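Keep in mind that what you see is a predicted model, and the values were worked out from it rather than measured. Counting from 1, the numbers follow the sequence of the chain as shown. Side chains included, hydrogens not; waters and symmetry mates left out as well; all remaining heavy atoms used. We count ligands from 1, going down the list as the structure has it; atoms in each ligand are counted the same way.
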Amino acid sequence: MDASIKNLIQLAAKQLTQAKHAIALTGAGVSTESGIPDFRGPEGVWTKNPEAERRTYEIYPKFVRDPTAYWREMLTEPLTFFTDMEKAQPNPGHFALARLDQVGILKSTITQNIDGLHDKAGSKNLFEYHGSLLKMRCPVCNARYGRDRFNLEHLLKTNELPPLCTKCGNALKSDVVYFGEPIPQDVAEHSYREAQQCDVMLVCGTSAVVYPFASLPIIAAGGTFEDGIPIRYGREAATIIEINGEPTSLTREHVSSYLIAGKTGELLPMLADAVDKMTAARV
Ligand code: NAD
């Protein structure tokens, strides 16, 4: 391992242990080592199957028009990348973030991923910005339910679709936020507040191009927006530590304080170990 990477891991561990309010943001890169491809890379889901991309644009309008038809299609013609994702298991990067959450170093983990792997790894203070494949959500009151709460196959056979929210009676959809669908207000507001409040932000495995999620590091860096464009880095900025396989727009535009370049499945366990050692030495 490169000496400069080891030094950066030590620096990041020190900043995390000294932070008053550290949070993590994650993207598709933390799950590639669990065998889940990203969307637009050379092996990406959309690159290999443009038909799947076209279908995903149609899902949300279909739910709004006819929730029964939406559920019937979800159950009888599921998109294979969703079903493949459901079988994936967390990798050492997810477990390392879960350790940092459980010892109280990370106050929130906010992910763009819909694969549910942070949940499976044991992160507790978890906010799934684009929802989770493992849950269903009421689009009216935002109540969430585990997928196994309803016997969907039975509802299909008995013509009782769609499943209904037990709190407000509205038709449920998958918790996944589809193209064209607003980010659920509870998660959007929490994430915005966390980005404003944090003093250290760990940004892992995201190219930071999908908005509004990509505005969170800019907000933490003290940026303000005018007509959707970041115009000023004003408030005392949080330290923004990027862990990614390659530089991103956050690196190039100096939103991040520094980049630790490499695989999250290798670097995050090293970081969690370094944090463990520093906190043990302080006791
Ligand atoms: P992205 O594909 O745009 O960017 C991923 C970044 O991670 C890239 O910069 C890549 O170089 C880096 N990367 C890949 N593997 C890595 C590894 N092992 N270690 C470190 N870095 C690695 O992903 P994004 O920014 O999350 O945006 C994609 C959008 O698509 C998100 O909104 C997300 O909801 C969705 N998506 C989710 C999943 C999932 O749930 N696992 C998968 C694909 C896409």
Side-chain angles (χ1 to χ4, degrees), residues 1 5 8-9 12 24-49 52-53 56-57 59-60 79-97 109-121 123 126-135 174-184 187-188 191 201-218 241-253 255-256 259-271:
M1 170 79 42
I5 295 208
L8 288 177
I9 295 274
L25 303 190
T26 72
V30 296
S31 293
T32 55
E33 290 164 85
S34 292
I36 300 176
D38 55 22
F39 279 169
R40 293 187 178 83
E43 293 301 307
V45 176
W46 300 158
T47 315
K48 288 167 109 178
N49 186 354
E53 180 172 16
T56 54
Y57 277 93
I59 299 177
Y60 185 61
L79 285 162
T80 48
F81 71 87
F82 281 160
T83 45
D84 289 347
M85 246 188 221
E86 280 177 35
K87 294 180 207 139
Q89 293 304 320
N91 67 54
H94 297 104
F95 287 117
L97 287 171
T109 300
I110 305 171
T111 187
Q112 292 178 86
N113 296 341
I114 57 172
D115 53 35
L117 293 183
H118 289 299
D119 202 0
K120 285 184 184 168
S123 285
L126 177 64
F127 297 86
E128 295 168 313
Y129 203 80
H130 292 162
S132 165
L133 271 178
L134 310 181
K135 295 179 193 151
S174 164
D175 184 35
V176 171
V177 177
Y178 300 119
F179 290 117
E181 179 181 355
I183 305 295
V187 175
S191 304
M201 178 185 266
L202 200 55
V203 184
C204 313
T206 173
S207 59
V209 292
V210 177
Y211 279 80
F213 186 89
S215 64
L216 298 174
I218 297 171
I241 306 164
E242 254 191 303
I243 301 190
N244 208 71
E246 58 182 356
T248 68
S249 60
L250 299 179
T251 334
R252 286 185 290 272
E253 287 160 24
V255 174
S256 58
L259 166 71
I260 313 180
K263 292 187 170 180
T264 48
E266 293 167 7
L267 296 175
L268 286 169
M270 288 171 62
L271 180 59

### Summary
Note: ligand 1 atoms sitting under 4.0 Å from heavy atoms of Ile36 are 41 (N)
### Query
Heavy atoms, side chains only, cut-off 4.5 Å: are His130 and Asn113 in contact?
no
### Query
Hey, which atoms in ligand 1 end up nearer than 4.0 Å to a heavy atom of Asp115?
39 (C), 40 (O), 41 (N)
### Message
I'd like to check whether Ala28 has a polar contact with ligand 1, where a contact means an N/O of the residue lying under 3.5 Å from an N/O of the ligand.
### Response
yes
### Heavy-atom nearest neighbour of atom 4 (O) of ligand 1 within options Ala261, Ser34, Ser207
Ser207
### Query
Going by atom types alone, do Thr264 and His94 pair a side-chain donor with an acceptor below 3.5 Å?
no
### Task
Would you check whether Thr248 has a nitrogen or oxygen atom less than 3.5 angstrom from a nitrogen or oxygen atom of ligand 1?
no
### Message
I'd like to check which ligand 1 atoms, numbered from 1 as shown, lie under 4.0 Å from a non-hydrogen atom of Gly262.
### Response
19 (N), 20 (C)
### Short N or O distance, Val209 and ligand 1, threshold 3.5 Å exclusive
no
### Per-atom contacts of ligand 1 with Ser31, taking only distances under 4.0 Å to non-hydrogen atoms
41 (N)
### Message
So Ile114 and Asp175, do their side chains get closer than 4.5 Å, heavy atoms only?
### Response
no
### Message
Are Gln112 and Thr26 packed together at the side-chain level, in the sense that at least one heavy-atom pair is separated by less than 4.5 angstrom?
### Response
no
### Task
Give a yes or no answer on whether the side chain of Asn244 reaches the backbone of Cys204 with a donor-acceptor pair at less than 3.5 Å.
no
### Worked verdict on Thr248 versus Glu242 for side chain to side chain donor-acceptor pair (under 3.5 Å)
CA-CA 9 Å; Thr248 68; Glu242 254 191 303; 2.6 Å; yes
### Query
When only distance counts, is Lys263 in polar contact with ligand 1, meaning an N/O pair under 3.5 Å?
no
### Message
Please work out, at 4.0 Å between heavy atoms, whether the side chain, the backbone, both, or neither of Thr32 comes within that distance of ligand 1.
### Response
side chain
### Query
Hey, are the side chains of Ser256 and Ile241 touching, using non-hydrogen atoms and a 4.5 Å cut-off?
no
### Message
How close do Ser34 and Asn91 get, counting heavy atoms only, and between which atoms?
### Response
OG-ND2, 3.1 Å
### Query
Which of the atoms of ligand 1 are close to Gly205, meaning less than 4.0 Å from one of its heavy atoms?
5 (C), 6 (C), 7 (O)
### Val176 to Glu181 - nearest heavy-atom pair and separation
O-OE1, 3.4 Å
### Query
Are any of the N/O atoms in Pro37 less than 3.5 Å from those in ligand 1?
no
### Message
Under a 4.0 angstrom heavy-atom cut-off, which atoms of ligand 1 come close to Glu246?
### Response
8 (C), 9 (O), 10 (C), 11 (O)
### Message
Show me which atoms of ligand 1 lie under 4.0 Å from any heavy atom of Gly27.
### Response
26 (O)
